[in-house]
Amino acid sequence: MTDIKDSVIEAGREGESGGPDHLERYNASVVESKWRARWEADDLYRVDDADPRPKWYSLTMYPYPSGTLHVGHWYAFSVPDVYARLQRMRGFNVLFPMGFDAFGLPAENAAIRHGIHPATWTSENIEGMRQQYRQMGAMIDWSRDVVTCAPEYYRWNQWLFLKMLERGLAYRANGSVWWCPNDQTVLANEQVLEGNICERCGASVSKRDLEQWYFRITHYAEELLHNTEALDWPERVKIMQRNWIGRSEGARLSFSLETGDLLEVFTTRPDTVWGATFMVLAPEHPLVEKITSDQQRTAVQAYVEQARRQTDIERMSTDVSRPKSGVFTGGYAVNPVTDERIPVWIADYVLMGYGTGAIMAVPAHDERDFAFARAFDLPVRVVIQPEQAATLEPGTMEQAYHGPGRLVNSGPVDGTPVPSGIPSVIDWLEERGRGQREVNYRLRDWLISRQRYWGTPIPVVYCDACGMVPVPEDQLPVILPLDAAFEPTGQSPLTTNEGFLRTTCPSCGAAAKRETDTMDTFVDSSWYWFRYTSPHDDRLPFDPAAAAAWCPVDLYCGGIEHAILHLLYARFFTKVCRDIGLIDHGEPFLRLRNQGMILSEEGTKMSKSRGTQVAPDDLVAAHGADALRLHLMYLGPWDQGGPWNSRGIVGMERLIRTVFQIAVETAGNGLDGADPDAEAALRRLTHRTIERVTTDLDDFQFNTMVAALYEFTNELRRQKDTPVARTRSWREAVETLVLLMAPSTPYVAEELWERLGKPYSVHSQSWPVFDPDLAREQFVELVVQVNGKVRDKLTVPAAISEERARELALASDRVQEFVNGKEPLRFIYVPGRLANIVVR
RNA sequence: GCCGGAGUGGCGAAAUGGCAGACGCAGCGCACUCAAAAUGCGCCGGGUAACACCAUGGGGGUUCGAAUCCCCCCUCCGGCACCA
């Protein structure tokens with residue numbers, strides 16, 4: 001940290017190079033280091049749970065400790081800090097905490113590449129980043145910070161896992177996952193390159209069925225979907241979540257197979273079942289093996305093998321250029337309403353992960369089924385006829401028809417209008433036991449196991465006698481061993497760590513082996529905000545009383561990139577915590593605001609490896625943290641982000657210098673001036689500025705808020721050498737300006753507040769109150785238009801009547817020129833703003 | 001393909017039915033200075049001698065009046081993508 005100077009005045013004079021007067025100049029580094037030290041010494045930002053004021057929980061997404069902060073981190077954290085400071089000045093007891101999302105792959109990669117232990121790498125990064133956050137001037141209570149790779153934290157991941165296991169919300173199941181035969185490990189989807197190549201070794205990879213751990217998030221699908229309505233979140237985030245959950249209403253129908261098995265399908269169009277002319281199974285469907293005839297076996301096996309090798313992206317592509325593929329199994333099913341024998345095919349356009357992994361194909365009314373039927377010359381039967389358009393003919397149709405119409409060729413339900421009559425068709429099917437209503441979700445259960453080292457160990461052991469046994473709560477945490485051997489084998493070091501692996505069965509005491517999978521790091525971030533409310537609790541993940549006092553979070557800020565996964569998982573965990581009785585609310589974040597991404601100057605994503613990251617440190621050294629904070633707010637709308645540009649920051653420094661100058665001069669001035677007109681005008685401006693700054697902050701329009709500060713400052717600068725600068729109204733104006741700037745520029749505001757002779761700390765003052773009477777203008781500029789074009793501007797009393805405005809407007813020479821003697825047809829009047837005379 | 005968001009001076013932008021370009025950056029001129037920096041004053045979309053006029057991605061429409069509302073199209077960014 002920078003040395004603390006005893007006297008800012010003395011230090012300031014060193015840098016003086018002769019301004020227009022003999023006052024000192026603003027020196028950012030001196031001011032900032034002075035107040036940083038003072039605030040830390042006084043614990044100004046310590047949050048007291050017992051504080052009786054109303055609470056405000058302002059949360060910002062915690063960072064991954066990747067090494068150093070770049071301006072994007074500042075953008076994400078210093079701007080919400082401005083709002084948190086506003087709330088503090090408004091009288092709230094504000095919790096604005098900070099922590100580190102400290103487990104994850106980059107630490108492990110650093111270990112493999114550079115031989116540094118992930119724990120060392122992570123804690124060094126965290127220490128450096130804490131120092132950088134201190135520079136920013138954010139009001140963080142560091143005594144509450146949370147580091148997720150600490151056993152004191154991750155033991156509660158394990159505790160929550162056990163609770164979920166008890167309730168059937170955590171389970172183990174076979175999953176189809178990518179497997180690299182060379183590295184002998186499972187890969188995440190993102191680690192499989194195009195062409196099914198392993199990202200690390202280049203080997204050809206394929207899917208394999210392996211036991212994995214899942215969280216049953218689908219249990220809450222309906223609530224997760226439904227609750228989105230009430231949340232004050234950006235609409236696009238809510239839409240993304242709804243699409244991700246993907247609710248579909250329809251029915252489950254059973255088709256019998258010749259093998260004696262029942263083949264269940266989910267369909268959103270049970271009304272079209274009379275038009276089902278074949279069935280399609282996903283290649284991984286469990287009945288494929290059984291239904292395949294000897295004659296077709298070779299072809300089916302070859303197809304299944306080929307499907308496994310495709311990436312999900314290739315497989316799910318709707319690219320029209322990619323023809324439908326598939327193979328006939330040789331087996332047949334019976335259509336439950338027509339009793340017809342229909343062929344069963346397998347095709348990769350049917351996904352095992354949705355519905356039942358099998359469909360009834362209705363080629364006349366589903367475009368995918370239609371394409372498949374045409375490719376393999378399968379029968380098409382029309383069961384919906386549109387009422388207006390030409391009659392559909394199976395032989396000549398060029399595409400599936402899924403518009404409205406009436407059912408035909410559908411026996412007992414012929415003539416039913418669709419889609420309006422679909423429910424009655426489902427009733428018909430239910431009454432006869434041919435199917436039931438069902439709702440399906442696109443949302444899948446959350447696969448949480450990772451074959452990685454740097455994460456939370458999953459707290460179960462495997463015993464030959466007892467099978468899978470949960471680690472008892474009183475034996476938590478299961479510590480991640482630090483003596484791990486990092487070899488670039490692609491295998492988790494846990495699989496070869498004997499000390500970790502060998503244990504005894506908690507149930508029978510026999511030798512047993514530990515689970516070596518660790519948890520997805522999204523688990524860590526799914527409940528961390530609760531931990532901030534009681535970061536040192538050693539009895540539970542968090543103290544229920546503290547969580548009840550602070551939660552739910554009033555305002556959550558973060559990047560749009562977390563619109564789906566993190567926010568959905570966090571909502572899921574909140575519901576789980578509620579259901580196990582830790583809290584009584586179901587939604588964690590009442591209000592969400594997203595910042596845009598700061599790109600490099602070239603408009604590309606800031607990347608450490610490409611060297612396009614912009615470091616805040618040099619900018620702080622050159623211009624000060626306050627100027628950088630303002631600059632980030634002023635770049636443009638906060639939710640939009642955009643390319644970084646360091647040119648404008650000098651303007652922010654100029655603004656601060658000007659305010660500094662005005663405040664220092666004001667502090668030295670006597671109160672002996674008087675100028676009633678000028679004072680009234682000044683107070684109008686002061687109160688209009690309070691209003692603009694306040695509403696802009698509440699609307700998260702930080703750029704226009706800064707513009708309002710500029711306009712106010714510019715006006716004060718113009719008047720500072722006039723008599724009004726020695727009046728009480730001037731004092732009010734300058735003190736108000738300092739208060740309005742306190743959230744944005746916490747350091748210089750504190751300095752100026754002190755120089756104005758006001759009591760420490762500016763950050764504990766009340767936010768200025770806007771007085772509408774003082775802000776009201778006496779005169780306004782009335783724009784006068786003729787036929788919608790501006791022809792004159794008149795200064796008129798603010799309270800002018802429409803009648804009088806009309807007289808004045810018509811009397812204007814400029815207006816007369818364009819009216820040109822014609823009789824006005826209409827007169828449109830917007831009070832206090834505009835008059836429009838219409839002539840023809 | 002579907003669903004969002006955006007397109008305005010040299011640049012970042014403001015204005016969400018009522019003066020297009022607030023505010024800032026850059027630039028230009030002037031003052032101060034031996035000079036430069038800093039600071040201050042002025043100019044700063046196109047067009048004209050000055051007006052008129054033209055101008056918010058393109059085209060149409062609604063309206064007394066449109067950057068803003070409606071229809072069609074183009075471009076860029078984000079999300080989803082055979083979900084039965």
Side-chain angles (χ1 to χ4, degrees), chain A residues 16-21 25 234-244 246-248 250 265-269 272 280 282 312-313 315-320 322 324 347-351 353-362 366-369 371-372 440-444 560-561 563-564 596-597 599 603 630-631 634-637 639-643 645-652 654-655 657-658 661 701 703-711 713-714 717-718 781-793 824-830 833-840:
Chain A
E16 192 179 0
S17 53
D21 47 52
R25 288 166 53 83
E235 203 53 38
R236 59 176 167 158
V237 175
K238 297 207 269 187
I239 290 169
M240 278 192 251
Q241 292 221 341
R242 288 180 196 135
N243 291 343
W244 189 261
R247 185 181 200 273
S248 303
V265 300
F266 172 73
T267 175
T268 53
R269 295 304 301 270
T272 63
V280 186
D312 287 352
I313 291 161
R315 185 164 161 187
M316 295 188 196
S317 167
T318 49
D319 192 350
V320 254
R322 184 168 173 266
K324 289 270 183 293
D348 63 6
Y349 81 92
V350 175
L351 309 172
Y354 184 78
T356 62
I359 60 158
M360 64 175 200
V362 184
D366 180 287
E367 52 205 307
R368 299 151 301 181
D369 298 345
F372 195 79
N440 246 281
Y441 298 91
R442 207 194 73 111
L443 181 69
R444 312 288 161 83
I560 187 74
E561 66 274 20
I564 300 173
M597 200 189 298
L599 305 170
L630 280 179
H631 181 59
Y634 203 58
L635 277 178
D639 59 357
Q640 222 167 279
N645 174 350
S646 50
R647 288 194 304 276
I649 195 171
V650 295
M652 304 301 128
R654 271 202 281 266
L655 172 67
R657 262 207 298 268
T658 308
Q661 195 76 34
Q701 312 217 317
N703 55 335
T704 51
M705 186 276 294
V706 177
L709 294 176
Y710 260 110
E711 287 179 47
T713 303
N714 287 344
R717 191 192 55 213
R718 278 189 282 271
E781 191 179 63
L782 185 71
V783 173
V784 184
Q785 299 182 331
V786 177
N787 289 338
K789 289 189 193 278
V790 180
R791 296 306 181 191
D792 204 355
K793 294 169 188 179
L825 294 174
R826 281 182 72 179
F827 179 77
I828 287 134
Y829 180 63
V830 182
R833 301 191 72 169
L834 176 137
N836 186 16
I837 295 153
V838 184
V839 294
R840 279 289 170 262

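Per chain, numbering begins at 1; letters A, B, ... match sequence-line order.
The side chain of A:Pro637 lies closest to B:A14, out of B:A14, B:C41, B:G24. Closest to the side chain of A:Tyr354, from the set B:C41, B:G18, B:A84, is B:A84. Nearest to the side chain of A:Trp244, among B:A13, B:C41, B:C80, sits B:C80. Across B:A14, B:A84, B:G24, the shortest atom-to-atom separation from the side chain of A:Ser248 is found for B:A84. Set against B:G24, B:G4, B:G18, the side chain of A:Leu834 has B:G18 as its closest nucleotide. Which of B:C41, B:C64, B:G24 sits closest to the side chain of A:Asn714 comes down to B:G24. Ranking B:C53, B:G40, B:C23 by closeness to the A:Tyr634 side chain, first place goes to B:C23.
Taking the C1' atoms as reference points, B:U33 lies 22 Å from B:G27, given to the whole Å. Rounded to whole Å, the P atom of B:A14 lies 31 Å from the corresponding atom of B:U62. Here the separation of B:A84 from B:G7, taken at their P atoms, is 34 Å to the nearest Å. For the P atoms, the distance from B:A38 to B:C19 is 37 Å, rounded to whole Å. On the C1' atoms, B:U75 is 28 Å away from B:G24, given to the nearest whole Å. Spacing between B:C23 and B:G42 at atom P, rounded to whole Å, works out to 12 Å. The separation of B:G40 from B:C51, taken at their P atoms, amounts to 30 Å, rounded to a whole angstrom. Between B:C70 and B:U16, the two C1' atoms lie 15 Å apart (nearest whole Å).
The residue A:Arg242 sits apart from the nucleic acid: no heavy atom pair falls under 4.0 Å. A:Asn440 comes within contact range of no nucleotide atom at all, as no heavy-atom separation falls under 4.0 Å. In this structure, A:Pro643 reaches neither bases nor backbone, as no heavy-atom distance under 4.0 Å exists between it and the strands shown. Residue A:Gly651 is classed as a sugar-phosphate contact, given heavy-atom separations below 4.0 Å to backbone atoms only. A:Arg442 comes within contact range of at least one nucleobase, with a heavy-atom separation under 4.0 Å. Across all strands, A:Val830 comes closer than 4.0 Å to base atoms (heavy-atom distances). At a threshold of 4.0 angstrom between heavy atoms, the contacts of A:Asp369 with the nucleic acid are absent. A:Glu781 comes within contact range of at least one nucleobase, with a heavy-atom separation under 4.0 Å. Residue A:Phe266 is in base contact, counting any heavy-atom pair closer than 4.0 Å across all strands shown. Within 4.0 Å of A:Leu635, counting heavy atoms only, lie sugar-phosphate atoms of the nucleic acid but no base atom.
With hydrogens and angles ignored, a donor-acceptor pair closer than 3.5 Å exists between the side chain of A:Gln785 and the base of B:G18.
For the pair A:Asn787 CG and B:A66 C1', the computed distance is 16 Å after rounding to whole Å. Taking atom CD1 on A:Ile564 and atom C1' on B:G78, their separation rounds to 11 Å, with Å as the unit. At whole-Å resolution of the value, CE in A:Met597 and P in B:A6 are 18 Å apart. For the pair A:Ile649 CD1 and B:C11 C1', the interatomic distance rounds to 17 Å; values are reported in whole Å.
Contact annotation: A:Arg826 side-chain N/O to B:G65 OP1/OP2 distance is not under 4.0 Å. Neither OP1 nor OP2 of B:A38 sits under 4.0 Å from any side-chain N or O of A:Arg25.
For the atom pair CZ of A:Arg718 and OG1 of A:Thr713, the computed distance is 10.5 Å after rounding to the nearest 0.5 Å. A:His631 NE2 to A:Leu655 CG: the interatomic distance, rounded to the nearest 0.5 Å, is 13.5 Å. Distance check, rounded to the nearest 0.5 Å: OG1 of A:Thr267 to CE of A:Met360 gives 4.0 Å. Interatomic distance, A:Arg247 CZ to A:Arg442 CZ, rounded to the nearest 0.5 Å: 15.5 Å. Note that the CG atom of A:Asn645 and the CG atom of A:Leu599 stand 12.5 Å from one another [nearest 0.5 Å].
Under the 90° criterion around 0 for the glycosidic angle, B:G12 counts as anti.
Inter-residue side-chain proximity for A:Leu834 and A:Glu781 is flagged as unmet; no heavy-atom pair is nearer than 4.5 Å. Inter-residue side-chain proximity for A:Ile837 and A:Tyr829 is flagged as unmet; no heavy-atom pair is nearer than 4.5 Å.
Scored by the ring pair (Phe, Tyr, Trp, His ring centres under 6.0 Å) test, A:Tyr710 finds A:Tyr634 as partners (sequence neighbours excluded). Every side chain to side chain donor-acceptor pair (under 3.5 Å) that A:Asp366 has, sequence neighbours left out, goes to A:Arg368.
Contact detail for A:Ser248 and A:Tyr354: the closest heavy-atom pair is OG-OH, 3.3 Å.
Annotated stems with RNA chain B as a participant read B:1-7 with B:74-80, B:10-12 with B:23-25, B:27-31 with B:39-43, B:57-61 with B:69-73, given as range with range, by first number; only runs of 3 or more Watson-Crick or G-U pairs under 3.5 Å qualify.
Comparing A:Thr267 and A:Asn836 along RNA chain B, the residue whose closest nucleotide (by nearest heavy atom) sits nearer the 5' end is A:Asn836.
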